[in-house]
Amino acid sequence: MTSATDLFRELTGSEPLGVWSAPGRVNLIGEHTDYNGGFVFPFAIEHRTSVALGLRDDGRIRVVSTFDPVPVEVALADLDALFPARRDEIVEWARYPLGVAWALLRDRVLLKDADGGTGVTGVDLAFASDVPVGAGLSSSAAIEGATASALDEIWNLGNDRVSLARAGRLAENEAVGAPTGIMDQMASMLGRADAGIFLDCRSLEAQVVELGFAPAGLELLVMDTGVKHAHSTGGYGERRASCEKGAALMGVPALRDLSVDDLARAEELMDDVTFRRVRHVVTEDQRVLDAVATLRSEGPRAIGPLLDASHASMRDDFEISVPELDLAVDTARAAGAVGARMTGGGFGGAAIALVDQGLVASVALAVERAFADAGFAPPHIFGVRPADGARRDA
Ligand code: GLA
């Protein structure tokens, strides 16, 4: 596979100044709770996006990647005019890194020169990634995290990791146009080997919680259905709008402010669809709290039923599953998984299963067979381990 450094050399004929990387993530539990101010419990994975960076002296930014080797180049001073209004002029993948550059510079009026320049040096960025795209593993947060880490250091901006995660979300919301929350960027920035990130998405307070899968004899399998999804269109935004409607009907700023005890009143106040959306989010917040507490007191094996309940809630109440995800989850469970659920925004992508190490091969085989029997394209099944967040590699 071409590395970011190889690609950089091809692009510029010179060596990069440095290489940074950031990981994708798996969300263990807590889906569609982040933009409701609630709780999530993701972990960063070993699949990463790397960026090799070099300086330019013409105030321009050029990006290229192994999955679309046609470079995209703009003047840094033009980013403000491009995003968000004219984002369609930029090929989609490049909106992520250029959007991060824009987000980092946007609020830094003081850095701007009197003649309207940006006051920071131009850059060449070459990307390579092994995070599967469209699988619900946040390939986008990985590209954002790598870009934000590299530019922050080179431009001497001095942001902390939470601010870099915010810049990534701003890029995703405004430059790409996907109305997502901040979970993925936080997981990619804050991840730690062997641990999950228990995050309060309102305060952005994060706790590192040891997962202990391997010592308990467990492995976390990702079952990528190959069904592609995109959050800049359709269902994701509709779900978000339903949540905002539900919160408004209950007179609270966000669904985070409701508890399971409020659901009876919610049911009286709302139409059935809005109520079920609300019930998913409120019960999911509680499941995250329960999962963290259970993990701490009883270990990872005990969280299986919470994973299962989370999936049922997404399938029946939030209605973001697809037949391939349901089949993967049901089959893994029937083959002995401790628990299983779809992960990420839904409408495709991947499911996860927590599986005894000795059952990994038979669970994977059972899911592959079930997909073949159903006439679905073969799933891509692989184990993931919790890994470190964004960092400089060279
Ligand atoms: C996507 C978004 C996240 C989050 C999840 C659903 O991954 O990027 O912000 O909303 O969906 O939990």
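Counting starts at 1 for both ligands and their atoms, in listed order. None of these values were measured; they are calculated from a predicted model.
Backbone and side-chain nitrogen or oxygen atoms of T33 are examined, and none is located within less than 3.5 angstrom of a nitrogen or oxygen of ligand 1. On a distance-only criterion, H32 and ligand 1 share at least one N/O pair closer than 3.5 Å. Between M183 and ligand 1, a contact under 3.5 Å exists for no N or O pair. Between E172 and ligand 1, no N or O atom pair is found at a separation short of 3.5 Å.
Only the side chain of R25 comes within 4.0 Å of ligand 1, judged by heavy-atom distances.
Checking D34, D200, N36 one by one against R256, the side chain to side chain donor-acceptor pair (under 3.5 Å) holds for a single residue, D200. Among R279, R277, R341, the one residue that satisfies the salt bridge (Lys or Arg N to Asp or Glu O under 4.0 Å) test with E284 is R341.
Ligand 1 places these atoms under 4.0 Å from at least one heavy atom of D34: 3 (C), 4 (C), 9 (O), 10 (O). Distances below 4.0 Å separate heavy atoms of T180 from the following atoms of ligand 1: 2 (C), 8 (O), 9 (O). Each of the atoms 9 (O) of ligand 1 lies under 4.0 Å from some heavy atom of G181. Remark: ligand 1 atoms within the under-4.0 Å shell around heavy atoms of Y35 are 10 (O).
The pair D308-R333 counts as a salt bridge, with a side-chain nitrogen and a carboxylate oxygen less than 4.0 angstrom apart.
Considering only heavy atoms from C-beta on, H32 stays 4.5 Å or farther from R240 through its side chain. Residues W93 and V63 are in side-chain contact: their nearest non-hydrogen atoms beyond the backbone lie under 4.5 Å apart.
Rounding to the nearest 0.5 Å places OG of S50 at 11.5 Å from CG of L7.
Listed by chain and residue number, E46 satisfy the salt bridge (charged side-chain N to carboxylate O under 4.0 Å, His left out) test with R385 (two or more places apart in sequence, or in another chain).
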